[in-house]
Asker: 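Take this structure, written in structure tokens, and hold onto it; I'll ask about it next.
Because the structure is predicted, anything quoted here is derived from the model rather than measured.
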Amino acid sequence: MITINNLTMGFTQRTLFKDVTFSIFPNEKIGLTGPNGAGKTTLFSIIRGEREALAGEIQVQKGINIGYLPQEAKFKSERTVMQELTEGDDRIKALRREKRKLEDENKAASHRYGDVLEELEALGIYELEHRAEKILSGLGFKPEDFDRPIQHLSGGWQMRTLLAKLLTYPYDLLLLDEPTNYLDLDATLWLKDYLKNYSGSFVLISHDRVFLNEVTNYTIVLEGAGMTKIKGNYEFFEEQKGVNLKTLEKKQKVIEKKRKQLERFTQRFHAQPNRAAAVRNKRKQIERLENIELPQDQKSIGEFEFAEAPASGYVVEHLKGVSKSYGKKRVYADLDMEVLRGQKICLVGPNGAGKSTLLKMLAGVVEPDGGEIRLGHQVERGYFSQSRLDVLNPTRNAFEEVASAAPQGVQSVRVRSLLGLFNFQGDDVFKPVKVLSGGEKSRVILARLLIHPPNFMLLDEPTTHLDLDGVKALTRAFQKYTGTVVFISHDLYFIREIADHIVEVRDGTIKTFPGGLNYYLDKRGLAGLGGGAPSPQVTEDNRAADKPGKSSGKKGGGNQSSSKTKDEKPNLKELREQHKAAKKRVSQIKNQLKNLEQEQKDLETESYAKSRHLSKQFDKGDPEMLKEYGRRLKEIQTRQREIESDIKKLKDERDRITR
């Protein structure tokens with residue numbers, strides 16, 4: 001579809017890529033990766049003809065239709081959401097105009113009129129509204145939003161509308177620049193499954209390695225001024241990169257060993273006339289030896305670790321009967337929540353449900369309208385805002401911002417060294433905050449947290465504007481962080497690797513899931529990351545449908561094509577599908593049982609330790625601590641009963657399937 005030959009692009013005193021050559025073919029799902037500023041978005045602009053390269057050429061197959069999702073855009077459409085999806089495509093509008101013109105000229109029997117009808121059908125004109133409704137729902141739109149004017153939507157929902165429009169129409173190639181930026185977790189998971197099963201081609205820029213690994217089958221990597229295309233997802237690329245690096249290191253050691261042997265010979269015998277020919281020969285061998293330079297990683301953030309967090313009280317923060325409204329809109333009423341020491345909690349839920357409001361109340365940035373918020377003993381909070389200027393002073397430079405957060409006595413060389421770790425080199429440390437890019441602002445905030453780490457961090461989309469290496473470095477740091485974390489993120493990799501509790505925010509209430517992301521997905525009946533699309537076997541309706549002699553319980557289901565009379569026998573294809581679904585469900589049950597049994601063991605260990613401590617400290621211990629331990633033991637007992645019940649249900653279901 002697209003062929004790129006010897007492409008070179010750059011700006012003043014900087015080359016983005018030089019003499020790169022590759023092609024994009026049908027059915028390729030490509031992840032485009034590289035550090036921030038490597039030229040990924042620029043490459044999209046060149047492919048679309050918006051920019052001219054300095055050298056080289058791009059050949060685009062004639063008649064190819066390319067859809068483009070930018071990182072940011074603002075609609076100027078006066079249509080509603082549904083009208084934009086069903087009437088806003090230029091190809092369909094042109095064909096409809098031609099169809100009407102042919103009808104007005106009484107040429108409905110012409111060959112061209114038949115071609116127009118065929119082209120309209122190929123564009124899915126007759127299923128447009130149904131397909132649009134399905135896609136809008138998957139991206140988080142409610143039915144009442146379908147008829148809202150686009151100009152009344154926020155920027156994030158306008159971007160969702162554009163994404164929905166691109167998915168509704170059959171484009172030959174989609175160029176998607178950070179499509180998950182404005183999505184919540186549910187919409188991100190839906191898009192992951194949709195793109196995984198997408199029948200067309202796309203090139204995707206994303207800094208979420210789990211998302212990339214799930215949906216792509218090719219990877220283009222921008223490194224230095226080069227561009228490499230490999231068959232396989234990003235995980236495969238990283239594995240191959242590691243293998244290649246080890247091979248190069250081994251080869252380099254062999255060559256260096258040989259070089260030293262030859263140099264020792266020449267140094268030993270260079271003054272002996274009878275060895276002159278041998279010395280000349282050895283010197284020629286040294287000249288012919290290959291010089292191997294190991295590739296240098298250009299990381300936006302170096303590997304770092306937070307210092308040991310000061311110990312806080314067991315209860316880090318307690319919310320009781322909290323209420324919060326914005327004007328007439330009530331966000332929370334009579335909300336109770338407790339954050340315990342060492343927990344790493346991810347807040348999930350639809351955009352607009354109140355996640356950021358809850359995080360800001362926990363951070364002390366927003367006051368509740370009612371109720372009580374109590375901070376625990378020796379708790380020190382650190383807040384990372386989605387709007388970076390909420391916590392940065394635009395009149396300062398990067399150095400001043402980090403220095404202002406440092407404890408008294410920290411030398412300036414320490415501040416500069418820390419900024420260097422976050423890729424602020426030379427005079428970059430004196431760049432004013434107001435001119436920094438989004439990624440640079442994020443790195444300054446991280447440097448502030450690192451120079452004086454609190455024991456309770458509250459993070460709102462901390463991975464936004466960070467590239468793949470930056471997200472990985474941040475993830476590793478928080479995996480080792482010993483304090484307490486509450487965060488909001490749509491990055492599947494970051495959530496999966498960090499969260500040990502999920503708190504779902506929905507309709508003014510919260511529900512706590514005492515496990516990581518895969519545990520949460522299991523509880524919601526969704527496939528874990530690394531699995532396929534959501535499994536229908538785990539919904540209540542389908543569980544009933546799977547039982548012999550039971551209907552799905554849905555009204556109006558008498559004409560369902562899947563229903564069979566008593567005497568009908570399923571065909572071989574259906575039997576295979578049933579067997580495949582059963583095997584998949586048994587595998588899911590096995591994983592769920594494994595997770596539950598591990599949690600059961602962990603709770604038993606914690607219960608034993610706390611009970612023993614209580615028995616020793618009952619008479620001389622801190623009453624507040626004893627109260628906290630007693631309450632936690634009750635929670636453990638309740639959770640253990642839930643686990644026992646869940647294990648029994650899962651084993652019963654497994655036994656029914658395997659009979």
Side-chain angles (χ1 to χ4, degrees), residues 1-25 28-61 64 66-72 173-179 181 201-209 212 216-238 240-242 244-245 248 291-301 423 425 428 437-440 465-472:
M1 294 193 295
I2 294 178
T3 302
I4 295 174
N5 290 312
N6 300 316
L7 196 69
T8 298
M9 184 61 185
F11 303 104
T12 306
Q13 298 182 337
R14 187 184 173 206
T15 300
L16 292 177
F17 36 84
K18 184 177 180 181
D19 296 331
V20 299
T21 298
F22 64 90
S23 297
I24 300 172
F25 297 101
E28 289 188 342
K29 300 177 180 181
I30 301 170
L32 178 59
T33 69
N36 285 346
K40 301 185 291 293
T41 300
T42 302
L43 179 62
F44 276 5
S45 299
I46 295 171
I47 290 173
R48 297 177 65 244
E50 288 186 340
R51 284 185 179 176
E52 285 191 17
L54 299 178
E57 62 175 355
I58 292 185
Q59 298 174 351
V60 180
Q61 185 179 326
I64 212 94
I66 299 176
Y68 174 54
L69 180 78
Q71 280 193 40
E72 295 181 2
L173 176 67
L174 292 178
L175 304 177
L176 306 173
D177 197 345
E178 296 283 0
N181 265 0
S201 300
F202 60 77
V203 182
L204 165 72
I205 299 174
S206 176
H207 297 149
D208 183 340
R209 64 185 62 227
L212 281 170
T216 60
N217 55 18
Y218 280 84
T219 302
I220 295 176
V221 184
L222 279 71
E223 287 185 310
M227 198 179 295
T228 307
K229 181 182 177 184
I230 64 165
K231 186 175 183 179
N233 61 18
Y234 188 74
E235 183 178 26
F236 178 78
F237 159 73
E238 285 195 308
Q240 289 298 114
K241 183 179 179 181
N244 293 341
L245 181 61
L248 275 178
N291 288 315
I292 293 180
E293 293 185 7
L294 298 178
Q296 299 296 314
D297 282 337
Q298 298 178 328
K299 293 184 177 180
S300 58
I301 299 178
N423 211 22
Q425 308 295 337
D428 286 348
S437 68
E440 288 171 329
H465 302 303
L466 298 182
D467 57 27
L468 281 160
D469 288 329
V471 174
K472 189 172 184 178

Asker: Does Ile47 reach the side chain of Ile58, with side-chain heavy atoms less than 4.5 Å apart?
Answerer: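 Side-chain contact under 4.5 Å: yes.
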Asker: Is the backbone of Pro35 close enough, under 3.5 Å, to the side chain of Lys40 for a donor and an acceptor to pair up by distance?
Answerer: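 Indeed, once roles are kept as given, a pair shorter than 3.5 Å links the two residues.
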Asker: Which residues pass the ring-ring contact (aromatic ring centres under 6.0 Å, His included) test with Phe237, sequence neighbours left out?
Answerer: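 Testing Phe237 for ring-ring contact (aromatic ring centres under 6.0 Å, His included), a comparison that skips the adjacent residues, returns Tyr234.
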Asker: Supply the atom-to-atom distance Met227 CE to Thr33 OG1, rounded to the nearest 0.5 angstrom.
Answerer: 10.5 Å
Asker: Nearest 0.5 Å please: distance from the CG atom of Leu173 over to the CD1 atom of Ile64.
Answerer: 7.0 Å
Asker: Using side-chain heavy atoms (C-beta onward) and a distance below 4.5 Å, is Gln71 in contact with Asn181?
Answerer: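 In contact.
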Asker: Is any side-chain heavy atom of Val221 closer than 4.5 Å to a side-chain heavy atom of Ile230?
Answerer: no
Asker: With the side chain counted from C-beta on, respond yes when Arg209 and Glu235 share a heavy-atom pair under 4.5 Å apart, and no when they do not.
Answerer: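 Arg209 vs Glu235: side chains apart.
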Asker: Roughly how far, to the nearest 0.5 Å, is CG of Leu468 from CD of Glu238?
Answerer: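 Answer for the CD-CG pair, Glu238 versus Leu468, is 7.5 Å.
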Asker: Nearest 0.5 Å please: distance from the OG atom of Ser206 over to the CG atom of Leu176.
Answerer: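 Answer for the OG-CG pair, Ser206 versus Leu176, is 10.0 Å.
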Asker: Heavy atoms only: give me the nearest Leu212-Thr216 pair and the separation to one decimal.
Answerer: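 Result for this residue pair: O-OG1, 2.6 Å.
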Asker: Using 0.5 Å steps for rounding, measure from the CZ atom of Phe202 to the CD1 atom of Ile30.
Answerer: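 So the gap between those two atoms works out to 9.0 Å.
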Asker: Check the pair Val203 / Leu43 against side-chain contact (heavy atoms from CB on, under 4.5 Å), numbers first and verdict last.
Answerer: CA-CA 11 Å; Val203 182; Leu43 179 62; over 6 Å; no
Asker: Please assess Phe236 against Thr219 for the test side-chain contact (heavy atoms from CB on, under 4.5 Å), listing each intermediate value before the final yes or no.
Answerer: CA-CA 9 Å; Phe236 178 78; Thr219 302; over 6 Å; no
Asker: Of all heavy-atom pairs between Phe17 and Leu7, which one has the smallest distance, and what is that distance?
Answerer: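 So the two residues come closest at CE1-CD2, 3.7 Å.
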Asker: Out of curiosity, Tyr218 OH to Phe22 CZ, how far, rounded to the nearest 0.5 Å?
Answerer: 13.5 Å
Asker: With a 4.5 Å cut-off on side-chain heavy atoms, are Leu222 and Leu32 touching?
Answerer: yes
Asker: So, do His207 and Leu466 sit near enough that their side-chain heavy atoms are less than 4.5 Å apart?
Answerer: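 A side-chain contact is absent here, since even the closest heavy-atom pair is not under 4.5 Å.
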Asker: Around Glu57, counting heavy atoms of other residues, nucleotides and ligands shown, do more than 12 lie under 6.0 Å from its CD?
Answerer: yes
Asker: Is the count of non-hydrogen atoms from other residues, nucleotides or ligands lying under 6.0 Å from Lys18 atom NZ greater than 12?
Answerer: no
Asker: Step by step, work out the side-chain contact (heavy atoms from CB on, under 4.5 Å) result for Thr42 and Ile46.
Answerer: CA-CA 6 Å; Thr42 302; Ile46 295 171; 4.2 Å; yes
Asker: Just to verify, what does Thr8 make a side chain to side chain donor-acceptor pair (under 3.5 Å) with, not counting sequence neighbours?
Answerer: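 If we apply the side chain to side chain donor-acceptor pair (under 3.5 Å) test to Thr8, skipping adjacent residues, the hits are Asp19.
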Asker: Does some side-chain heavy atom of Ser23 sit less than 4.5 Å from a side-chain heavy atom of Thr3?
Answerer: yes
Asker: Could you walk me through whether Leu204 and Lys29 pass the side-chain contact (heavy atoms from CB on, under 4.5 Å) check?
Answerer: CA-CA 8 Å; Leu204 165 72; Lys29 300 177 180 181; over 6 Å; no
